[in-house]
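Notes for the one structure printed next.
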Amino acid sequence: MSDTRPTRRLETRCCIVGGGPAGMVLGLLLARAGVEIVVLEKHTDFLRDFRGDTIHASTLELMHELGLLDRFLKLPHQESHQFAAYFGAASPAVIDFAHLPTRCKYIALMPQWDFLDFLAAQGRRYPGYELLTRTEAVDLIEADGRVVGVRAETANGALEVRADLVVAADGRHSTVRQCAGFEVVDLGAPMDVLWTRLPRRPTDGSDPNFRAASGRILVLIDRGDYWQCAFLIPKGGYDEFRRQGLPAFRESMAAIAPFMADRVDLLTDWDDIKLLTVRVDRLRQWWRPGLLCIGDAAHAMSPIGGVGINLAIQDAVAAANILAAPLSAQVVTDDHLRQVQRRRMFPTRVTQRIQLAMQNSIIKEVLAGRGEVTTPLPFRMLRSVPWLRRIAGRLIAVGIRPEHIGTPDTMADDLLSSQPYAQQS
């Protein structure tokens with residue numbers, strides 16, 4: 001039976017599709033700068049398991065620049081000051097975060113729903129901010145060759161949001177980028193990831209770590225009383241793992257991390273294990289007139305280093321810096337959108353090249369299971385050269401070309417709406 005309820009209509013300066021890190025950061029920064037925005041989030045809330053829970057040092061620096069760091073760090077979180085990589089029985093190679101050029105010299109680990117709830121609460125302080133949950137974008141509205149809005153489905157019927165600019169921040173399976181017909185360059189990935197969790201004992205240690213043995217790779221992330229576990233499998237190998245059964249999976253977990261052998265039996269159902277299909281891709285062009293893609297909608301990253309969230313947030317900051325003033329003045333042009341892609345394409349390309357090199361030279365070879373695993377040369381160098389450990393830490397925790405807040409706060413007493421926006425370096 002067709003829905004006969006009338007279509008509701010909204011108008012705004014910027015409609016952001018997707019309430020993930022990129023969309024929520026962009027929404028906060030634009031509203032903070034006095035731009036009317038609407039964020040569309042298809043789920044009821046942010047409470048979803050096995051999302052990226054890393055808050056990189058560069059994001060913590062942004063919280064400081066916004067004057068929110070102290071409040072933010074009152075939320076439950078863990079701190080990681082280093083990352084260890086184990087190859088076979090060899091001693092670990094360590095990546096060091098203790099010398100970062102940031103206020104917080106660590107990576108914070110926090111449930112992503114807490115992070116997103118925090119951003120939403122800050123956004124609601126501004127009169128031009130609106131977050132619509134249970135609102136799923138299903139199509140674009142176009143006129144005269146330009147995107148002018150979004151059609152969405154809500155619990156209360158159809159919704160049209162007309163906007164000067166639509167921003168797609170709806171992830172690697174972006175509906176918006178599919179509707180827009182963007183050309184996607186698939187860079188390939190040799191693995192998928194099985195996410196699960198197991199209890200953490202006080203004697204286990206706390207630093208996140210990477211463990212590689214012949215045919216197996218496991219990444220462990222401290223989440224307080226449990227480990228968030230990422231078990232890497234060959235691309236498309238999930239059905240084979242299911243066929244082998246849970247006992248074989250538990251045995252593989254215990255073999256690569258023997259200290260967890262006393263708890264792998266807690267994995268009693270495949271519902272305890274979630275599949276992440278890994279994609280590494282990027283759009284040739286991130287924009288069309290009236291439309292911009294950022295975050296995973298523009299470039300899906302490998303889970304290596306957990307840097308996809310960091311790049312998405314950096315995209316959002318750059319987009320706000322470039323677009324806030326023209327959105328306020330209703331003069332957004334194609335050149336403004338082109339500037340965002342130009343600003344963020346370089347760090348995207350460099351980061352993906354590093355990830356692809358690691359995927360093809362290390363992960364692919366380990367998962368092939370051709371014999372005893374030895375420590376690759378780059379990680380042997382990390383063991384012996386301290387400054388390389390610091391460089392690797394900076395690449396992961398800060399990234400290439402980190403962004404800084406360049407938009408004003410319209411609610412700050414010492415700032416006027418006429419204050420000039422920061423120039424891009």
Side-chain angles (χ1 to χ4, degrees), residues 20 42-43 47-54 85-88 111-113 171-175 178 184 186-200 204 208-223 225-281 296 300-306 308 355-356 358-360 362-373:
K42 67 181 180 180
H43 295 97
L47 191 61
R48 290 180 292 288
D49 213 350
F50 300 113
R51 301 185 70 158
D53 290 345
T54 50
Y86 297 83
F87 290 87
Q112 192 175 104
W113 54 80
R172 62 187 59 217
H173 303 294
S174 170
T175 297
Q178 183 177 356
V184 181
D186 186 355
L187 302 174
M191 76 287 194
D192 291 324
V193 179
L194 301 180
W195 283 105
T196 190
R197 61 173 61 179
L198 286 170
R200 177 181 160 272
D204 292 345
N209 57 89
F210 171 101
R211 296 172 178 268
S214 182
R216 306 182 184 97
I217 295 175
L218 177 67
V219 179
L220 298 175
I221 302 170
D222 170 23
R223 298 316 323 277
D225 59 354
Y226 69 90
W227 289 107
Q228 189 170 354
C229 309
F231 190 90
L232 276 63
I233 63 175
K235 170 62 71 176
Y238 179 63
D239 289 343
E240 175 61 19
F241 268 78
R242 287 288 299 261
R243 187 191 65 78
Q244 292 175 6
L246 269 174
F249 179 71
R250 292 194 291 261
E251 182 181 333
S252 293
M253 292 276 288
I256 195 169
F259 71 93
M260 300 180 78
D262 62 349
R263 66 204 85 160
V264 295
D265 286 345
L266 296 173
L267 298 174
T268 59
D269 194 291
W270 283 105
D271 288 341
D272 299 329
I273 302 162
K274 308 299 181 183
L275 172 67
L276 169 66
T277 302
V278 176
R279 294 179 58 178
V280 184
D281 63 36
D296 279 3
M301 309 300 290
S302 167
I304 292 173
Q355 290 187 323
L356 291 172
M358 292 190 66
Q359 284 184 174
N360 295 330
I362 298 175
I363 292 175
K364 185 176 181 179
E365 291 302 311
V366 171
L367 292 180
R370 296 190 179 99
E372 183 180 352
V373 170

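More than 12 non-hydrogen atoms from other residues, nucleotides or ligands lie less than 6.0 angstrom from CD of Gln244. Crowding of Glu372 atom CD: a count of heavy atoms from other residues, nucleotides or ligands under 6.0 Å not exceeding 12.
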* Worked check of side chain to side chain contact (heavy atoms under 4.5 Å, CB included) between Met260 and Leu220 -> CA-CA 11 Å; Met260 300 180 78; Leu220 298 175; 3.8 Å; yes

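Here Phe259 contributes atom CZ and Arg211 contributes atom CZ; the two are 4.5 Å apart, rounded to the nearest 0.5 Å. Rounding to the nearest 0.5 Å gives a distance of 6.5 Å between CZ of Phe231 and CD1 of Ile256. To the nearest 0.5 Å, atom CG of residue Leu194 and atom CG of residue Asp272 are 12.5 Å apart. To the nearest 0.5 angstrom, Leu267 atom CG is 4.5 Å from Thr196 atom OG1. Between Ile362 atom CD1 and Ile217 atom CD1 the span is 8.5 Å, to the nearest 0.5 Å. Note that the CH2 atom of Trp195 and the CG atom of Leu275 stand 12.0 Å from one another [nearest 0.5 Å].
When all heavy atoms of Arg172 and Met301 are compared, the closest pair comes out as NH2-O, 3.1 Å. A pairwise comparison of heavy atoms in Pro303 and Val278 identifies CD-CG1, 3.6 Å as the closest pair. Contact record, Val280 with Ala189: CG2-CB, 4.2 Å, taken as the closest heavy-atom pair. The minimum heavy-atom distance between Met191 and Leu232, with the atom names listed, is CG-CD2, 4.1 Å. Residues Val264 and Ala254 approach most closely at CG1-N, 4.2 Å, considering heavy atoms. Across every non-hydrogen atom of Ala213 and Val366, the tightest pair is O-CG1, 3.3 Å.
Relative ring orientation between Trp270 and Phe249 is described as tilted, the plane-to-plane angle lying within the 30° to 60° band.
A donor-acceptor pair is defined here as one N or O able to donate and one able to accept, closer than 3.5 Å; no such pair exists between the side chain of Gln228 and the backbone of Ile221. Checking side-chain atoms of Ser214 against main-chain N and O of Val373 turns up no donor-acceptor pair under 3.5 Å.
Paired with Trp227 under the rule side chain to side chain donor-acceptor pair (under 3.5 Å), one option of Asn209, Asp204, Asp222 passes, and it is Asp204. With Cys229 as the partner, the side chain to side chain contact (heavy atoms under 4.5 Å, CB included) test is satisfied by one option alone out of Arg223, Met253, Arg197: Met253.
With a 4.5 Å cut-off on side-chain heavy atoms, Pro199 and Leu266 count as touching.
A salt bridge links Asp192 with Lys235: at least one charged nitrogen is closer than 4.0 Å to a carboxylate oxygen. Ion pairing between Asp265 and Arg250 holds under the 4.0 Å rule for side-chain N and carboxylate O.
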